[in-house]
Amino acid sequence: MTEKRAKGIFRAYSGSHYEMERAGVLREYESFNLSKEEESQWACERRSELLLEFERQLFIGPVFNELVHVIKSGSDLSGFGKLLKLADETIRKLDSFTLIRLAEEIYDLGCSLQKMEKGRTQTQNEFINTTHLLLDTAKKQKFWVADYYRQQPYLNAQLEEELVKSRALRLQEKLEKHLDPLKADENF
């Protein structure tokens, strides 16, 4: 029963001790004296479930947000690699808004993981290549937005073609600065 309760808390807060503390359950969770290996195993299990669910949905919503959180909070390079692979495999099925949002999240997550993994150029090359691929695909395809987003009232103002394209342009500029540190220094 205690392992089931501990795992339930872990899953409810995506393994985030910060969120557990905010909800007032961290003490209870810590009383289970879990090893880092157990937490890591649960995070991998959850990540696998979320990757499958995202692949079925193919839009940026709560499942994707939790997936990014699980990968980031666990510094999960393996999970990040699986997300990059999934992005490559599903790219032709994604609407314009999802392509841009996915590119933004992969870029931000890649930068975050890169800071934790100093000197690991493979991670950098992979996330930059995938970000470029997503942006290029969004530019080349006819603009369209999945019904899921159109049904979200808070997104209506962000779904206009020009606004989505401006997001892509801002990300392209960030990417270029990332690749050319001298250019980034000139802006300071």
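Excluded from the calculations below are hydrogen atoms, water molecules and symmetry mates; all remaining heavy atoms, backbone and side chain alike, are included.
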Any chain of hydrophobic side-chain contacts (each under 4.5 Å) joining Leu163 to Phe143?
no
Run Lys177 and Glu173 through salt bridge (Lys or Arg N to Asp or Glu O under 4.0 Å) and show every step you take.
CA-CA 6 Å; Lys177 288 177 185 174; Glu173 289 168 357; 5.8 Å; no
Rounded to the nearest 0.5 Å, what separates atom CG in Leu134 from atom OG1 in Thr130?
6.5 Å
Is Glu126 close to Phe80 at the side-chain level, that is, under 4.5 Å between some pair of heavy atoms?
no
Do side-chain atoms of Glu28 reach the backbone of Val25 as a donor and acceptor pair under 3.5 angstrom?
no
side-chain contact (heavy atoms from CB on, under 4.5 Å) assessment of Ser16 paired with Met20:
CA-CA 6 Å; Ser16 170; Met20 290 178 205; over 6 Å; no
Any Lys/Arg nitrogen of Arg46 or Glu49 sitting under 4.0 Å from an Asp/Glu carboxylate oxygen of the other?
yes
On a heavy-atom basis, which atom in Tyr107 and which in Lys174 lie closest, and how many Å separate them?
OH-O, 3.4 Å
How close do Val70 and Ser14 get, counting heavy atoms only, and between which atoms?
CG2-CB, 4.0 Å
Return yes if some donor-acceptor pair links the side-chain N/O of Ser40 with the main-chain N/O of Glu37 below 3.5 Å, else return no.
no
Checking the side chain of Tyr29 only, and the main-chain atoms of Gly15 only, is there a donor and an acceptor separated by less than 3.5 Å?
no
Does Glu160, at its CD atom, have more than 12 non-hydrogen atoms belonging to other residues, nucleotides or ligands within less than 6.0 Å?
no
When rounded to the nearest 0.5 angstrom, what is the spacing between CG in Leu99 and CG in Leu133?
9.0 Å
Atom pair CD (Glu176) and CG (Leu171), whose distance is rounded to the nearest 0.5 Å:
10.0 Å
For Ser35 and Glu38, indicate whether the former's side chain and the latter's backbone hold a donor-acceptor pair under 3.5 Å.
yes
Would you kindly say whether Glu39 and His17 are connected by a side-chain donor-acceptor distance under 3.5 Å?
yes
Residue pair Arg11 / Glu66: nearest heavy atoms and the distance that separates them
O-OE2, 4.1 Å
Quickly, which of Leu58, Thr98, Leu102, Leu51 forms a side chain to side chain contact (heavy atoms under 4.5 Å, CB included) with Phe64? Name it, please.
Leu102
Is a donor on one side and an acceptor on the other found under 3.5 Å between the side chain of Ser112 and the backbone of Asp108?
no
Cys111 SG to Ile106 CD1 distance, which is reported to the nearest 0.5 Å:
12.0 Å
For a 4.5 angstrom cut-off between non-hydrogen side-chain atoms, does Arg167 reach Arg101?
yes
Side-chain heavy-atom pair Ile60, Tyr148 within 4.5 angstrom cut-off:
no
Rounded to the nearest 0.5 Å, what's the gap from NZ on Lys72 to CG on Asp76? Could you check?
14.0 Å
Please check this pair: side chain of Ser96 against backbone of Ala138, looking for a donor-acceptor N/O pair closer than 3.5 Å.
no
How about Val63 and Arg56: do any of their side-chain heavy atoms sit closer than 4.5 Å?
no
Approximate separation, where rounding is to 0.5 Å, of Glu105 CD and Thr131 OG1:
10.5 Å
Please say yes or no: joined through hydrophobic side-chain contacts below 4.5 Å, possibly via intermediate residues, are Leu52 and Leu67 part of one cluster?
no
Are side-chain heavy atoms of Leu34 and Trp42 found at a separation under 4.5 Å?
yes
Ignoring hydrogens, what is the shortest heavy-atom contact between Phe97 and Gln158? Give both atom names and the distance.
CE1-O, 4.2 Å
Residues Arg27, Glu30; criterion salt bridge (Lys or Arg N to Asp or Glu O under 4.0 Å); working and verdict:
CA-CA 5 Å; Arg27 272 194 191 172; Glu30 288 176 338; over 6 Å; no
Just wondering, do Leu109 and Phe127 contact through their side chains at under 4.5 Å, heavy atoms?
no
Side chains of Gln172 and Lys139: does their closest heavy-atom pair fall under 4.5 Å?
yes
same_hphob_cluster(Leu155, Val145) at 4.5 Å side-chain heavy-atom cutoff
yes
What are the two closest non-hydrogen atoms of Ile100 and Ala168, and how far apart are they?
CD1-CB, 3.4 Å
What heavy-atom pair brings Gln141 and Trp144 nearest, and what distance separates the two atoms?
NE2-NE1, 3.5 Å
